[in-house]
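Working notes, structure below.
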Amino acid sequence: MTLPAQPDIFNIIASFESLCAAYRRARLGKQGKPKICEFDFYLEAELNKLEHQLKTNQYQPSSYTHFKVREPKLRQVSAPAFRDRVVHHSLVAEIEPLFDKQFIYDSYACRKNKGTHLGAKRVKKFLMAARTKYGKDQPIYALQADIKQFFQSIDWNILLQLINKTITCPQTYDLIEKIITSYKPYKSATPQPAQLNLFNQSHHHLVTGTRVGLPIGNLTSQLFANVYLNQLDHFIKDRLREKYYARYMDDFLIIHPDKEHLLNLQDKIKKFLQKKLKLKLHPKKITIKHAKNGIPFVGYRIFYDHVLIRGNTLRRMQKNYRNKVRAYHDGKITLEKLRETESALYGHFNHADTYGLEQKMFKHNQNLK
């Protein structure tokens with residue numbers, strides 16, 4: 001199939017108007033940071049400079065800032081410069097719709113009108129549908145797996161081939177290639193315990209010549225990760241013909257009443273990932289579980305007729321909330337900030353059966369002034 005030409009897409013991405021709108025999206029929730037304040041001060045000049053560099057093919061991404069966070073497990077984050085985030089937002093705003101219409105419905109991560117809440121709702125619906133189809137006495141199982149070091153293992157050549165099938169505008173493709181290949185992955189070299197929460201370059205080395213890896217946290221990485229695993233989605237849905245399939249980033253599940261069938265699928269998926277995408281399933285995170293015990297997915301434990309907050313997710317939420325309450329009493333945050341935290345927690349709880357939990361967690365703080 002020949003795709004239509006995209007003559008105006010790069011001109012839109014590189015226009016002052018699009019960059020200005022992208023700037024507003026890029027700074028949301030990050031106002032007050034020194035680098036952003038500096039960009040704000042010279043805003044018109046900075047945007048004009050970006051527009052000129054893009055249109056004259058002089059734009060080059062800046063180097064990344066590397067650090068580590070624990071959310072909830074230890075992750076290496078590579079943050080782009082703010083000017084590059086502006087370009088990423090402008091790019092993604094134009095190309096995301098071209099890819100999104102190719103994605104299956106049950107891919108939930110980093111997509112408009114999707115997310116964890118829809119993921120939990122859909123998996124519950126799958127369980128109810130499977131129970132209705134196969135009967136209450138038939139055991140239902142879920143194959144669950146995720147991909148080992150997913151972002152670090154994405155092959156640039158394969159990704160660019162996939163992108164090239166959709167992006168026919170040469171300038172837009174060149175910009176995408178520039179963003180992908182400007183990333184210089186780092187690998188840890190046995191950091192000391194005292195340095196686990198910091199990125200210390202003396203304990204890391206630059207990986208050269210590998211042409212693999214996307215930085216965690218980039219807006220473009222989130223989209224390109226979905227482009228990459230869209231191949232897996234269509235393999236499972238179209239080739240394997242699995243009806244009850246759901247994916248949130250590299251975490252996916254398949255629901256079926258036959259355990260042997262799921263074991264067979266596991267082998268087929270392993271081979272597909274290795275051959276087509278050069279990826280591997282995490283050997284310690286492949287499980288086949290009985291649905292009667294609940295299916296852990298997107299922060300919830302999902303049953304046929306109810307949904308609970310997943311244990312480790314709940315413990316993390318409770319710890320964060322206790323810290324915010326303590327910070328409020330110590331005068332470090334305002335009551336408004338504490339209420340914002342509570343509102344976010346209520347939003348997550350609203351998609352589960354948590355009335356008793358809410359009463360226990362919040363009742364002592366409702367009369368704070």
Side-chain angles (χ1 to χ4, degrees), residues 3-4 6-30 35-36 39 43 46-47 49-51 53-55 57 59-62 64-65 77-105 107-116 118 150-151 154 156 158-183 213-231 233 247-250:
L3 291 170
Q6 302 159 349
D8 298 324
I9 188 170
F10 184 78
N11 290 332
I12 296 171
I13 292 165
S15 70
F16 183 89
E17 293 76 15
S18 292
L19 292 170
C20 190
Y23 152 77
R24 290 193 292 269
R25 293 192 296 274
R27 76 192 292 268
L28 280 175
K30 298 179 176 66
K35 292 294 184 181
I36 299 177
F39 195 95
L43 179 60
E46 290 283 2
L47 294 179
K49 183 179 178 180
L50 274 178
E51 179 184 21
Q53 289 178 340
L54 286 165
K55 290 183 175 179
N57 198 30
Y59 169 75
Q60 291 294 333
S62 305
Y64 285 82
T65 300
V77 176
S78 299
F82 182 71
R83 65 188 294 275
D84 296 323
R85 289 212 298 269
V86 172
V87 174
H88 297 172
H89 274 273
S90 189
L91 171 67
V92 168
E94 295 305 314
I95 67 172
E96 185 174 34
L98 301 176
F99 290 107
D100 194 77
K101 61 187 178 183
Q102 302 172 26
F103 298 160
I104 65 168
Y105 184 84
S107 162
Y108 315 113
C110 309
R111 296 177 65 192
K112 292 178 182 177
N113 303 316
K114 300 284 184 175
T116 57
L118 178 64
F150 171 53
F151 278 92
I154 292 176
W156 293 352
I158 295 173
L159 176 60
L160 288 168
Q161 288 173 10
L162 295 172
I163 290 170
N164 194 37
K165 293 178 180 179
T166 297
I167 300 301
T168 61
C169 169
Q171 290 172 291
T172 303
Y173 177 83
D174 289 346
L175 174 60
I176 292 170
E177 183 176 26
K178 195 175 290 184
I179 290 170
I180 291 172
T181 59
S182 68
Y183 174 57
L214 295 182
I216 294 175
N218 255 19
L219 184 68
T220 51
S221 296
Q222 296 169 6
L223 173 59
F224 297 153
N226 274 333
V227 171
Y228 208 74
L229 285 187
N230 187 46
Q231 311 308 302
D233 296 340
R247 179 176 66 81
Y248 189 92
M249 199 47 72
D250 64 322

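We use all heavy atoms of the structure for the numbers below, so side chains are in, but hydrogens, waters and symmetry mates are not.
- Between atom CD of residue Gln102 and atom CG of residue Asp233 there is a gap of 12.0 Å, rounded to the nearest 0.5 Å.
- Contact check for Leu160 versus Tyr173: side-chain heavy atoms found under the 4.5 Å cut-off.
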Tell me, with the steps shown, if Val227 and Phe103 meet side chain to side chain contact (heavy atoms under 4.5 Å, CB included).
CA-CA 8 Å; Val227 171; Phe103 298 160; 4.0 Å; yes

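- Here the rule is side chain to side chain contact (heavy atoms under 4.5 Å, CB included) with Phe99, and of Ile163, Asn226, Asn230 only Ile163 fits it.
- The line from CZ of Arg85 to OG of Ser62 is 11.5 Å long, rounded to the nearest 0.5 Å.
- Atom NE2 of residue His89 and atom CZ of residue Arg24 lie 12.5 Å apart, to the nearest 0.5 angstrom.
- Lys49 forms no cation-pi arrangement with Tyr59, by the criterion of a distance under 6.0 Å to the ring centre and an angle within 45° of the ring axis.
- Here the shortest heavy-atom pairing between Tyr248 and Ala109 reads CE1-CA, 3.7 Å.
- Minimum interatomic distance between Ser107 and Arg247 (heavy atoms only, all atoms of both residues): OG-NH2, 3.0 Å.
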Before you tell me yes or no, could you show the steps for Asp250 and Tyr228 under side chain to side chain contact (heavy atoms under 4.5 Å, CB included), namely the whole-Å CA-CA distance, both residues' side-chain angles and the distance that decides it to 0.1 Å?
CA-CA 10 Å; Asp250 64 322; Tyr228 208 74; over 6 Å; no

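- In this structure, a donor-acceptor pair under 3.5 Å is absent between the side chains of Tyr183 and Asn218.
- Atom NZ of Lys178 has more than 12 neighbouring heavy atoms from other residues, nucleotides or ligands inside a 6.0 Å radius.
- One N or O on the side chain of Ser221 and one on the backbone of Pro215 form a donor-acceptor pair closer than 3.5 Å.
- The shortest distance between side-chain heavy atoms of Leu47 and Val86 falls below 4.5 Å.
- Annotation for Met249 and Leu229: closest pair O-CD1, 3.4 Å, computed over non-hydrogen atoms.
- The CD1 atom of Ile180 lies 4.0 Å from the CG atom of Leu159; values are rounded to the nearest 0.5 Å.
- Ring geometry for Tyr23 versus Phe39: interplanar angle under 30°, hence parallel rather than tilted (30 to 60°).
- Residues meeting the salt bridge (charged side-chain N to carboxylate O under 4.0 Å, His left out) test with Glu94, sequence neighbours left out: none.
- Nearest heavy-atom pair across Leu54 and Leu175 is CD2-CD1, 4.0 Å.
- Side-chain N or O atoms of Lys55 include none that pairs as donor or acceptor with a backbone N or O of Ser15 at under 3.5 Å.
- Asp84 places no side-chain N or O within donor-acceptor distance of the main-chain N or O of Pro61, the cut-off being under 3.5 Å.
- For the residue pair Ile104 and Arg111, the shortest heavy atom distance occurs at O-NH1, 2.7 Å.
- In this structure, Ser182 contributes its side chain and Ile179 its backbone to a donor-acceptor pair below 3.5 Å.
- No side-chain heavy atom of Gln161 sits less than 4.5 Å from a side-chain heavy atom of Asn164.
- Other residues, nucleotides and ligands place more than 12 heavy atoms under 6.0 Å from the CG atom of Asp174.
- The shortest non-hydrogen separation linking Arg25 to Ala93 is NH2-CB, 3.6 Å.
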List the steps, then state whether side chain to side chain contact (heavy atoms under 4.5 Å, CB included) holds for Leu223 with Asp100.
CA-CA 9 Å; Leu223 173 59; Asp100 194 77; over 6 Å; no

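- Summarising the geometry, atom SG belonging to Cys169 is positioned 7.0 Å from atom CD1 belonging to Ile13; distances are rounded to the nearest 0.5 Å.
- To the nearest 0.5 Å, atom CD of residue Glu96 and atom CD of residue Gln222 are 9.5 Å apart.
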